[in-house]
Amino acid sequence: MDGSVTWVMDGSVESTIGTTGSLGSGVNVNSELDPKVGMIFHSEDQAYNFYNSYAKRKGFSVRKDHLSRRSDGRIRYRHYVCSNEGSRKEHPVSMTKKSRPIERTNCMARIEFKVNNDNLWIVNRFIDEHNHPLATPSNSHMLRSHRKKLPVQRSNFSRSGIYFGAKYTQNDIQAEADYGEDAGLLLKNQSNCLTTRRLKDLETGDTQFLLDFLRTKQSEDPSFFYAIQLDEKERLTNCFWADMQSIVDYTYFGDAISFDTTYHIGGDDIPFAPFIGTNHHKQIVIFGAALLLDETLESFVWLFRTFLVAMSGRQPKTIFTDNCAAISEAIATALPDTCHRLCLWNLLQSVSTHLPCLDINFQREFENFIYDVGSEDDFHKEWDSLISSYGLANVSWFKDLYSVREKWGSVYLGNSFSATMMTRQWTEDMTNLFGNHFVRKLSLTKFIIQYLKSLIHLREKEILEDYDSTQSKPVLFVDIPMLIEAAESYTRTIYVDFEHEYKSQLACLCEPVGVDGMRVTFRVYIPQKRCNGLVEFNPTETIVTCSCRKFESMGILCMHALKVLNNNNILSLPSKYILKRWTRFAKDGSVSSGQLATGGSGSQVSLTVRYSRVCRKALAVTLRSAVSKDALDVLEHGLDKIIAQMENVLHNATSSRQAEDVHVVDGILRNTSGTTDICFSGFGFSAR
């Protein structure tokens with residue numbers, strides 16, 4: 001009976017569990033059985049592997065604990081505990097510059113084995129209650145006792161270096177990590193074609209490679225989205241694509257995006273134009289990418305409208321681009337509800353490009369001016385001083401830049417949400433993205449491979465931060481309700497920013513300067529420093545607004561607002577000032593209709609747009625459930641019920657009403673309203 005497990009309850013043998021088969025005829029010790037008191041195992045490895053396998057399914061890590069031996073050295077008792085058991089020992093003498101996150105929470109979950117004289121390992125005690133968040137299925141492979149079990153699988157590329165669909169193994173499909181999610185869209189109508197001849201040409205064979213890549217991705221997974229634009233000779237001119245993970249990420253983090261055309265491919269300098277955002281860890285996330293053989297107004301309008309179709313019509317709050325007249329006009333046409341700003345990273349790159357002979361000191365001073373200027377008056381004074389000091393008053397590039405200062409000056413951007421895109425860190429992140437991943441010009445074939453590798457790398461980093469934020473707690477500066485609530489809500493990265501603001505408010509002075517009904521205005525400042533803020537505070541509704549507009553632009557309270565709250569004995573962090581997109585739970589819950597809603601007026605949304613939205617929503621739910629068998633079972637059973645209800649509705653509906661907005665011809669849904677001239681194809685559903 002070696003290698004089997006005997007399940008004993010109340011002292012009687014009920015069944016024998018072998019290494020294969022099912023209960024009564026044997027099952028694998030790593031199967032989905034839950035531990036029970038009385039279970040018997042025939043070796044230490046078997047006992048540990050069984051509990052560790054159970055721990056992985058549940059979402060915690062196992063650590064070996066108490067060990068007791070007999071006089072002859074044989075094991076008598078062995079305890080395995082949750083890795084969060086116990087607490088960190090305090091070291092009052094040893095002070096570290098940066099404390100490690102706290103992982104131990106005095107969790108009591110454990111399993112205790114008693115080993116009899118026949119070397120049978122009997123479950124003597126089992127506690128299953130945990131006092132900390134459990135890891136999600138997408139993160140459980142990162143738990144310490146499971147890391148050796150499931151290494152993150154890298155994508156597989158063919159020997160020829162051509163990508164045709166790299167995927168993780170089933171165990172590592174992980175919703176956040178898997179980039180192979182797909183859906184297809186092709187803009188075929190002639191009104192979508194470029195009315196002029198394209199300005200650049202792809203190298204021989206590249207057009208076919210690109211089309212093969214897009215079609216293969218679409219055939220692999222129906223959620224992959226792509227669109228192409230043709231020129232007057234019906235040749236491929238512009239192309240956009242986005243996988244399902246990018247589309248889902250946009251629903252959570254698409255409030256502020258950057259559109260960049262800096263990197264060029266191959267000898268013909270074809271712009272690669274990614275749509276980029278920042279996630280809840282302040283990491284770069286890619287929402288989609290385009291290749292532009294033509295950089296005219298018409299092409300940019302086509303691209304932004306296509307991007308909206310991919311994202312179910314949801315416009316970003318703010319978009320950052322370089323200073324280009326065609327892009328500006330295209331945004332005004334295609335994204336009328338979006339605030340357009342100039343990307344500071346592009347701005348700093350342009351200084352080096354347009355004025356390479358400038359003193360290195362000017363570039364340093366110019367960067368400090370961009371990020372550190374305090375007020376609008378300071379902006380004008382320091383600009384004049386900087387330009388006159390270096391004799392740049394007659395340089396047209398600086399004249400043009402100053403004329404659009406409201407699109408890039410930090411003192412003007414308080415009313416538009418920018419996430420981290422107006423910070424030095426964003427500049428560093430963008431430099432690293434293009435410097436590390438796209439350091440030199442590549443052929444189209446090599447570029448596509450490099451792009452996909454970069455996508456994997458970025459998503460792996462997000463998974464790691466998700467794991468660290470859920471499985472550890474930051475060491476607090478001081479144990480007060482406001483910091484405790486912030487630590488429990490924010491990701492580790494955002495908590496560090498919040499704690500910095502809280503520490504900074506300790507050095508601030510606060511004095512009332514006016515009263516208007518229920519609102520009291522305070523002046524908050526640090527003596528001899530340019531960091532003043534006028535804060536309005538309504539104690540009745542606990543509303544606080546600061547003239548620096550940090551919360552409105554970045555989503556976390558500034559030191560000025562925190563000082564006023566602290567001075568007015570508001571010790572807890574008001575929930576209205578905890579922006580979900582910065583929390584550990586930013587991606588929890590289903591993709592709501594509000595997240596995928598179009599930004600139009602109150603008119604009825606066309607069936608074509610609703611069809612696109614429902615497709616994205618269904619695929620997003622499927623993607624999220626792909627890491628759990630139980631979740632997929634629930635989803636499949638739910639879909640069966642929905643399909644039955646849908647068939648009943650269609651059966652009772654009149655054919656004329658079904659044909660009001662759309663015609664279904666040969667399995668292709670075509671919009672006949674004359675508003676979009678879009679043809680949808682290639683949608684289907686399957687569980688991987």
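Position 1 is the first residue of the sequence, and the numbers go up from there. The figures here come from the full heavy-atom set of this structure, side chains too, leaving out hydrogens, waters and symmetry mates. What you are looking at is a predicted structure, and each value in this text was computed from that prediction instead of being measured.
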J.: With no hydrogens and no angle check, is any side-chain donor or acceptor of His457 less than 3.5 Å from a backbone partner on Lys453?
T.: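 No, the answer is negative, given that no donor and acceptor are paired below the 3.5 Å cut-off.
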
J.: Evaluate the side-chain proximity of Leu143 to Gln471: yes if any heavy-atom separation is below 4.5 Å, no if none is.
T.: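 In contact.
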
J.: Please enumerate all residues that pass ring-ring contact (aromatic ring centres under 6.0 Å, His included) together with His79, with sequence neighbours excluded.
T.: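 For His79, the residues satisfying ring-ring contact (aromatic ring centres under 6.0 Å, His included) (neighbours in sequence not counted) are His66.
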
J.: Give a yes or no on whether the backbone of Asn49 and the side-chain of Ser53 come within a donor-acceptor separation of less than 3.5 Å.
T.: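 Not a single qualifying donor-acceptor pair exists.
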
J.: Considering all heavy atoms of both residues, which atom of Met554 and which atom of Thr423 are nearest to each other, and what is their separation?
T.: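 Smallest heavy-atom distance, with atoms named: CE-CG2, 4.0 Å.
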
J.: With sequence neighbours left out, which residue pairs that include part of residues 637-649 fulfil the salt bridge (Lys or Arg N to Asp or Glu O under 4.0 Å) condition?
T.: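 Listed once each, the pairs would be none.
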
J.: Ser418 side chain to Met421 main-chain N or O, any donor-acceptor pair under 3.5 Å?
T.: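 Answer holds: no.
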
J.: Is a donor on one side and an acceptor on the other found under 3.5 Å between the side chain of Arg76 and the backbone of Ser71?
T.: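 Here the side-chain-to-backbone pair does not exist.
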
J.: Looking only at heavy atoms, what is the nearest atom pair of Lys64 and Arg78, with distance?
T.: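 The answer is CB-NH1, 3.7 Å.
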
J.: What is the minimum heavy-atom distance between Glu485 and Leu573, and which atoms define it?
T.: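 That would be OE1-N, 2.7 Å.
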
J.: Is Leu571 close to Asn566 at the side-chain level, that is, under 4.5 Å between some pair of heavy atoms?
T.: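 Asn566 reaches Leu571 side chain to side chain.
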
J.: Please report the shortest heavy-atom distance between Leu557 and Ala561, naming the atom on each side.
T.: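 Result for this residue pair: CD2-CB, 4.1 Å.
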
J.: Flag the pair Pro35 / Val123 as yes when at least one side-chain heavy-atom distance between them is below 4.5 Å, and no otherwise.
T.: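 Of all side-chain heavy-atom pairs linking Val123 with Pro35, none is under 4.5 Å.
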
J.: Does the side chain of Arg104 reach to within under 4.5 Å of the side chain of Asn84, using non-hydrogen atoms?
T.: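 They are not in side-chain contact.
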
J.: Backbone N or O of Ala256 within a donor-acceptor pair of the Thr318 side chain at under 3.5 Å?
T.: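 Looks like no, no N/O pair under 3.5 Å.
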
J.: State, to 0.1 Å, how close Arg69 and Leu67 come at their nearest heavy-atom pair, and which atoms those are.
T.: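 Smallest heavy-atom distance, with atoms named: NH2-CD2, 3.7 Å.
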
J.: Hey, what's the ring geometry for Tyr250 with Phe287, parallel, tilted or perpendicular (30° and 60° as the breaks)?
T.: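 Ring orientation of Tyr250 relative to Phe287: perpendicular.
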
J.: Hey, is Arg70 close enough to Asp72 for a salt bridge, meaning N to O under 4.0 Å?
T.: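 The answer is no: the pair does not qualify as a salt bridge.
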
J.: side-chain contact (heavy atoms from CB on, under 4.5 Å) for Lys580 and Tyr252? Distances and angles first, verdict last.
T.: CA-CA 9 Å; Lys580 185 180 179 183; Tyr252 298 114; over 6 Å; no

J.: Return the set of residues passing side-chain contact (heavy atoms from CB on, under 4.5 Å) with Thr491 (not counting sequence neighbours), or none when no residue passes.
T.: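 Once residues adjacent in sequence are excluded, the partners of Thr491 under the side-chain contact (heavy atoms from CB on, under 4.5 Å) criterion are His280, His281, Ser469, Thr493, Ile494, Arg584.
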
J.: If we only count heavy atoms from C-beta on, is the Lys587 to Asp249 side-chain gap below 4.5 Å?
T.: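 Sidechains of Asp249 and Lys587: in contact.
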
J.: Any side-chain heavy atom of Thr216 within less than 4.5 Å of one from Glu220?
T.: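 SC-SC contact between Thr216 and Glu220 confirmed.
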
J.: Test of understanding: with side chain to side chain donor-acceptor pair (under 3.5 Å), list the residues that count as partners of Ser61, not counting sequence neighbours.
T.: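 Result, side chain to side chain donor-acceptor pair (under 3.5 Å) vs Ser61: Ser145.
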
J.: Is there a side-chain contact between Ile484 and Glu488, using heavy atoms and a 4.5 Å cut-off?
T.: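 The answer is yes; the side chains approach within 4.5 Å.
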
J.: side-chain contact (heavy atoms from CB on, under 4.5 Å), that's the test. Do Val496 and Arg492 meet it? Break it down for me.
T.: CA-CA 6 Å; Val496 170; Arg492 295 192 315 164; 5.7 Å; no

J.: Lys58: which residues meet the salt bridge (Lys or Arg N to Asp or Glu O under 4.0 Å) condition with it, sequence neighbours left out?
T.: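 With sequence neighbours excluded, Lys58 shows a salt bridge (Lys or Arg N to Asp or Glu O under 4.0 Å) to Asp128, given in chain and number order.
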
J.: Looking only at atom types and distance, does a side-chain atom of Asp255 sit under 3.5 Å from a main-chain N or O of Ala419, one as donor and one as acceptor?
T.: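 No.
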
J.: Test side-chain contact (heavy atoms from CB on, under 4.5 Å) on Phe60 and Cys107 and set out the steps.
T.: CA-CA 11 Å; Phe60 67 96; Cys107 182; over 6 Å; no

J.: Nearest 0.5 Å, please: how far is CD1 in Ile247 from CE in Met244?
T.: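 The distance works out to 5.5 Å.
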
J.: Give, for atom CD of Glu44 and atom OH of Tyr80, the distance between the pair rounded to the nearest 0.5 Å.
T.: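 Between atom CD of Glu44 and atom OH of Tyr80 there are 4.0 Å.
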
J.: If you measure from OG1 on Thr542 to NZ on Lys576, what distance do you get to the nearest 0.5 Å?
T.: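 One finds 5.0 Å between OG1 of Thr542 and NZ of Lys576.
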
J.: Hey, are Asp497 and Lys550 close enough for a salt bridge, meaning a charged N less than 4.0 Å from a carboxylate O?
T.: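 Salt bridge absent between Asp497 and Lys550.
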
J.: Aromatic rings Phe41 and Phe50: how do their planes relate, parallel, tilted or perpendicular, breaks at 30° and 60°?
T.: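 Answer is tilted, since the angle falls between 30° and 60°.
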
J.: Please list all pairs meeting ring pair (Phe, Tyr, Trp, His ring centres under 6.0 Å) that have one or both residues in residues 482-504, counting only residues at least two apart or in different chains.
T.: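 Sorted pair list: Tyr490-Phe498.
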
J.: With side-chain contact (heavy atoms from CB on, under 4.5 Å) as the criterion, how do Asp429 and Thr278 come out once you've worked through the C-alpha distance, each side chain's angles and the decisive distance to 0.1 Å?
T.: CA-CA 10 Å; Asp429 291 343; Thr278 181; over 6 Å; no

J.: I need the Ser246 OG to Met311 CE distance, nearest 0.5 Å.
T.: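 One gets 6.5 Å once the value is rounded to the nearest 0.5 Å.
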
J.: Which residues satisfy the side-chain contact (heavy atoms from CB on, under 4.5 Å) test with Val478, sequence neighbours excluded?
T.: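 side-chain contact (heavy atoms from CB on, under 4.5 Å) list for Val478, sorted by chain: Ile480, Leu483.
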
J.: Once ring-ring contact (aromatic ring centres under 6.0 Å, His included) is applied, do any residues pair with Tyr577, and if so which ones, sequence neighbours excluded?
T.: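 Listed in chain order: Phe551.
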
J.: With sequence neighbours excluded, what pairs up with Leu579 under the side-chain contact (heavy atoms from CB on, under 4.5 Å) test?
T.: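 Here the qualifying residues are Phe417, Arg581, Trp582.
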
J.: Quick check: closest heavy atoms across Ser258 and Trp426, and the distance to 0.1 Å?
T.: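 Looks like CB-CZ2, 4.0 Å.
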
J.: Please list, chain by chain and in numerical order, all residues satisfying side-chain contact (heavy atoms from CB on, under 4.5 Å) with Leu639, sequence neighbours excluded.
T.: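 Expected list: Leu635.
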
J.: Using side-chain contact (heavy atoms from CB on, under 4.5 Å) as the criterion, point out the one residue from Asn119, Asp118, Leu120 that pairs with His42.
T.: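 It is Leu120, the one option of Asn119, Asp118, Leu120 that forms the side-chain contact (heavy atoms from CB on, under 4.5 Å) with His42.
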
J.: Kindly indicate whether the side chain of Tyr54, heavy atoms from C-beta on, has any atom under 4.5 Å from the side chain of Leu33.
T.: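 The answer is no, as the side chains (C-beta and beyond) never meet within the 4.5 Å cut-off.
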
J.: Taking Ser83 for the side chain and Arg63 for the main chain, is one N or O donor matched with an acceptor at less than 3.5 Å?
T.: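 Answer holds: no.
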
J.: How long is the straight-line distance from CD1 of Ile642 back to NE2 of His637, given to the nearest 0.5 Å?
T.: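 The NE2 atom of His637 sits 13.0 Å away from the CD1 atom of Ile642.
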
J.: Apply salt bridge (Lys or Arg N to Asp or Glu O under 4.0 Å) to Asp65 and list each qualifying residue two or more places apart in sequence or on a separate chain.
T.: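 Testing Asp65 for salt bridge (Lys or Arg N to Asp or Glu O under 4.0 Å), a comparison that skips the adjacent residues, returns none.
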
J.: Rounded to the nearest 0.5 Å, what's the gap from CD on Gln283 to OG1 on Thr420? Could you check?
T.: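 It comes to 10.5 Å.
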
J.: Under the rule for salt bridge (Lys or Arg N to Asp or Glu O under 4.0 Å), what residues qualify as partners of Lys503, not counting sequence neighbours?
T.: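 By the salt bridge (Lys or Arg N to Asp or Glu O under 4.0 Å) rule, Lys503 matches Glu499.
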
